Amino acid sequence: MHSKILVTGGLGYIGSHTSVELIQQGFEIIIVDDLSNSSTEVLEGIKKITGVSPEFIKLDLKNKNEVNQLFDNHPDLIGIIHFAAYKAVGESVNQPLEYYENNIGSLVYLLQAIEKKGQRFSFIFSSSCTVYGQADQLPITEEAPIKKAESPYGNTKQIGEDILYDVTRSNTLLKVISLRYFNPIGGHSSIEIGELPKGKPQNLVPFITQTAAGIHQKLNVFGDDYPTADGTCVRDYIHVVDLAKAHVVGFKRMLADEQSENFEVFNLGTGKGNSVLEVIKTFEKVSGVSLNYEIVDRRQGDIVAAYADTSKANKVLGWHAKNDLEVSLKTAWEWEKKIRNI
Ligand code: NAD
Ligand code: WQD
């Protein structure tokens, strides 16, 4: 097969796991990444798992000329899985323009280069459950209304989807699937790749594993007075490899011309909600480590509960999340131990 898929942000957390699945399914990929939140060591991990060294180009997608050059130099591209973006919600509140420039600017440049090609092109977009805000009904279906974004980061996902929808209407050669991820966690079973947060993690699971590894003295649990069974917030934690596999299925759907519309949206989650305390207890069970944690005030902007109705992805894509919370947390812990030499 000579046609290639561009994987932007392919050295990042979800991008690296998806690159592995794509290679294992026989796709040829080109990874582009500016290394703003990753490193080239990830390439080694991908090679160890797959036996393939994917082509890698260090490139900043905010540079329009470089994006155009990339497409000029690779006329064999048939599609893209676009992971590259900034993703820190709190940071986006303080630096909104950086987020709009990267997450929206890069998307526009890519779409312009794709349009210039004038050929059929398949596009998978990394969206997020954050577009739903606090949904009125649980589990959350793709029909749930999009709520006003709580952060510039969340807004970039809403705007990104709108842009893609609009472009599929003007350019019928463009096929898009927007995947709304719930909470991705865990790492590859080989323990060759995993999540590598830079600085202090904001997300629950990397904070848990780092606390268990002794990097933080304790984990703060943000509030236990929410209207949930145990008072802590509920989320849908999905194993990153399950998530990665959904990209391959989605891409094949576009290649096979099976879409019902040129712009489709799918929720990707397990369909099950777990509270923060449940995550802690499950982590303690699978790791054998007793976690030092304390209940503190609520974190501003947190929603009470979110978990996916995955029936559309189950039925239409034939995709199901296979790994449960125990497996997800175990792989997260194995990875943490490996990178800390524990
Ligand atoms: P990540 O930061 O690990 O990966 C993103 C990669 O993109 C990084 O390697 C980074 O260096 C690269 N990148 C960023 N800006 C770039 C640019 N201008 N040019 C080239 N490369 C650039 O993040 P992730 O967790 O793998 O997330 C991937 C995508 O999924 C993002 O779009 C994110 O918004 C979305 N998403 C993530 C989550 C989550 O909880 N991790 C949830 C929902 C959606
Ligand atoms: C999960 C739960 C916290 C850290 C974020 C983004 C969202 C999406 C997924 C990209 C919450 C609690 C956390 C800690 C805690 N990303 N918690 N102590 O908030 O669901 O979503 O990631 O699109 O846009 O906002 O995930 O992992 O930060 O938090 O008690 O130290 O863990 O309050 O209930 P969240 P999270």
Side-chain angles (χ1 to χ4, degrees), residues 7-18 31-40 42 57-63 66-67 70 81-90 92 98-99 101-103 105-107 109-110 124-133 149-151 153-154 156-157 160 178-185 194-198 200-208 210-211 216 218-224 226 228 232-238 240 243-244 247 268-269 274-277 279-280 293-307:
V7 184
T8 74
L11 296 188
Y13 174 42
I14 307 168
S16 57
H17 289 82
T18 304
I31 294 177
V32 302
D33 203 301
D34 68 351
L35 306 179
S36 56
N37 199 31
S38 54
S39 86
T40 50
V42 177
I57 302 169
K58 181 173 185 289
L59 187 150
D60 182 352
L61 296 163
K62 297 195 292 298
N63 185 325
E66 286 189 24
V67 171
L70 172 75
I81 306 190
H82 181 43
F83 294 103
Y86 295 151
K87 64 164 182 178
V89 176
S92 80
E98 318 265 324
Y99 275 68
E101 181 189 28
N102 195 24
N103 297 8
S106 302
L107 174 65
Y109 299 154
L110 286 167
I124 292 192
F125 180 63
S126 292
S127 189
S128 168
C129 65
T130 192
V131 301
Y132 298 117
E150 291 269 357
S151 69
Y153 166 76
T156 66
K157 294 300 171 190
S178 181
L179 298 176
R180 293 178 179 160
Y181 315 152
F182 279 65
N183 292 56
I185 61 165
E195 189 169 9
L196 278 170
K198 277 195 181 161
K200 203 173 184 181
Q202 306 302 310
N203 293 115
L204 178 63
V205 171
F207 209 98
I208 287 179
Q210 288 193 5
T211 306
H216 310 292
K218 68 174 170 67
L219 165 78
N220 287 327
V221 172
F222 299 134
D224 69 349
Y226 284 99
T228 60
T232 62
C233 295
V234 168
R235 298 287 185 275
D236 185 337
Y237 296 94
I238 173 165
V240 67
L243 197 66
H247 293 74
L268 295 181
N274 285 107
S275 72
V276 177
L277 289 179
V279 175
I280 292 172
Y293 69 88
E294 185 189 352
I295 311 288
V296 299
D297 287 347
R298 291 180 176 196
R299 179 172 73 176
Q300 210 202 335
D302 266 339
I303 55 167
V304 181
Y307 50 94

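Worth saying up front: this structure is predicted, and the values here are computed from it rather than measured. First listed ligand is number 1; within each ligand, the first listed atom is number 1.
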- Note on the structure: of all protein heavy atoms, closest to atom 20 (O) of ligand 2 is Arg235 NE, 2.5 Å

- Query: Can you list the ligand 2 atoms lying under 4.0 Å from a non-hydrogen atom of Thr130?
  - Reply: 24 (O)

- Which is closest to atom 21 (O) of ligand 2 in terms of heavy atoms, Leu277, Asn183, Val276? Asn183

- Taking it one step at a time, do Phe182 and Tyr132 satisfy side-chain contact (heavy atoms from CB on, under 4.5 Å)? CA-CA 11 Å; Phe182 279 65; Tyr132 298 117; 4.2 Å; yes

- Query: What atoms of ligand 2 come closer than 4.0 angstrom to any heavy atom of Val221?
  - Reply: 30 (O)

- Message: For Ile57 and Ile31: C-alpha separation, side-chain torsions, deciding distance, then whether side-chain contact (heavy atoms from CB on, under 4.5 Å) applies.
- Response: CA-CA 6 Å; Ile57 302 169; Ile31 294 177; over 6 Å; no

- Message: Does Lys157 qualify as a cation-pi partner of Tyr181, given the criterion of NZ or CZ under 6.0 Å from the six-membered ring centre and within 45 degrees of its axis?
- Response: no

- Report, in ascending order of atom number, the atoms of ligand 1 lying under 4.0 Å from any heavy atom of Ser36. 10 (C), 11 (O), 13 (N), 14 (C), 15 (N)

- Item | Whether Leu35 lies under 4.0 Å from ligand 1, heavy atom | yes

- Message: Quick check on Lys198: does its NZ atom have over 12 non-hydrogen neighbours (other residues, nucleotides or ligands) under 6.0 Å away?
- Response: yes

- Item | Proximal atoms of ligand 1 relative to Ala84 (non-hydrogen, under 4.0 Å) | 7 (O), 13 (N), 16 (C), 21 (N), 22 (C)

- Message: With heavy-atom distances below 4.0 Å as the criterion, list the atoms of ligand 2 near Leu219.
- Response: 31 (O)

- Message: Need the ligand 2 atom indices (1-based, order shown) with element for anything under 4.0 Å from a heavy-atom of Asp302.
- Response: 3 (C), 19 (O), 33 (O)

- Query: Considering distance alone, does some N or O of Phe182 sit under 3.5 Å from an N or O of ligand 1?
  - Reply: no

- Asn203: numbered ligand 2 atoms lying under 4.0 Å from its heavy atoms: 5 (C), 22 (O), 26 (O), 27 (O), 28 (O), 36 (P)

- Message: If I apply the N/O under 3.5 Å rule, does Phe222 come out as touching ligand 2?
- Response: yes

- Query: Which atoms of ligand 1 have any heavy atom of Ser38 under 4.0 Å away?
  - Reply: 8 (C), 9 (O), 11 (O)

- Taking atom 29 (C) of ligand 1 as the reference point, the nearest protein heavy atom with its distance: Phe83 O, 3.2 Å

- Message: List ligand 1 atoms under 4.0 Å from Tyr153, heavy atoms only on the residue side.
- Response: 33 (C), 34 (O), 35 (C), 36 (N), 44 (C)

- May I ask you to check whether Ser127 has an N/O atom sitting below 3.5 Å from an N/O atom of ligand 1? no

- closest protein heavy atom to atom 8 (C) of ligand 2 is Ser128 OG, 4.0 Å

- Proximal candidate to atom 6 (C) of ligand 1 [heavy atom criterion; set Gly9, Ser128, Cys129]: Gly9

- atom 25 (O) of ligand 2 has as its nearest protein heavy atom Val89 CG2, 3.3 Å

- Nearest candidate to atom 27 (O) of ligand 2, where distance is taken over non-hydrogen atoms, out of Val279, Leu204, Val205, Asn274: Leu204

- Pick whichever of Leu107, Asn37, Val32, Leu59 has a heavy atom sitting closest to atom 20 (C) of ligand 1. Leu59

- 4.0 Å heavy-atom contact, Tyr181 with ligand 2: no

- Query: Is Pro184 close to ligand 1, meaning an N/O of one under 3.5 Å from an N/O of the other?
  - Reply: no

- Under 4.0 angstrom from ligand 2, any heavy atom of Lys87? no

- Considering residues, nucleotides and ligands other than Gln210, do more than 12 of their heavy atoms fall under 6.0 Å from its CD? yes

- With a 3.5 Å cut-off and no angle check, do the side chains of Thr8 and His82 form a donor-acceptor pair? yes

- Query: Has Tyr237 got any heavy atom lying under 4.0 angstrom from an atom of ligand 2?
  - Reply: yes

- Message: Among all protein heavy atoms in this structure, tell me which lies nearest to atom 4 (C) of ligand 2, with the distance rounded to 0.1 Å.
- Response: Gln202 O, 3.4 Å

- Message: One thing to verify: whether Arg298 and Asp224 come together as a salt bridge, which I'm taking to mean a side-chain N less than 4.0 angstrom from a carboxylate O.
- Response: no

- Subset of ligand 1 atoms that lie under 4.0 Å from at least one heavy atom of Ser126: 29 (C), 30 (O), 32 (O), 35 (C)

- Query: Any idea which atoms of ligand 2 are less than 4.0 Å away from a heavy-atom of Asn220?
  - Reply: 14 (C), 15 (C), 18 (N), 30 (O), 31 (O)

- Query: Which residue supplies the protein heavy atom nearest to atom 19 (O) of ligand 2, what is that atom called, and how far is it?
  - Reply: Arg299 NH2, 2.9 Å

- Message: For atom 3 (O) of ligand 1, what's the nearest protein heavy-atom neighbour? Residue, atom name and distance, please.
- Response: Tyr13 N, 2.8 Å

- Item | For atom 22 (C) of ligand 1, closest protein heavy-atom neighbour | Asp34 OD1, 3.1 Å

- Counting heavy atoms only, name the option from Asp33, Asn203, Ile185, Val42 that's nearest to atom 10 (C) of ligand 1. Asp33

- Under 4.0 Å from a heavy atom of Tyr153: give me the atoms of ligand 2 that qualify, with their elements. 10 (C), 23 (O), 24 (O)

- Which is closest to atom 25 (O) of ligand 1 in terms of heavy atoms, Lys87, Glu66, His82? Lys87

- Check each of Ser126, Ala305, Cys233 against atom 34 (O) of ligand 2 and report the one with the nearest heavy atom. Cys233

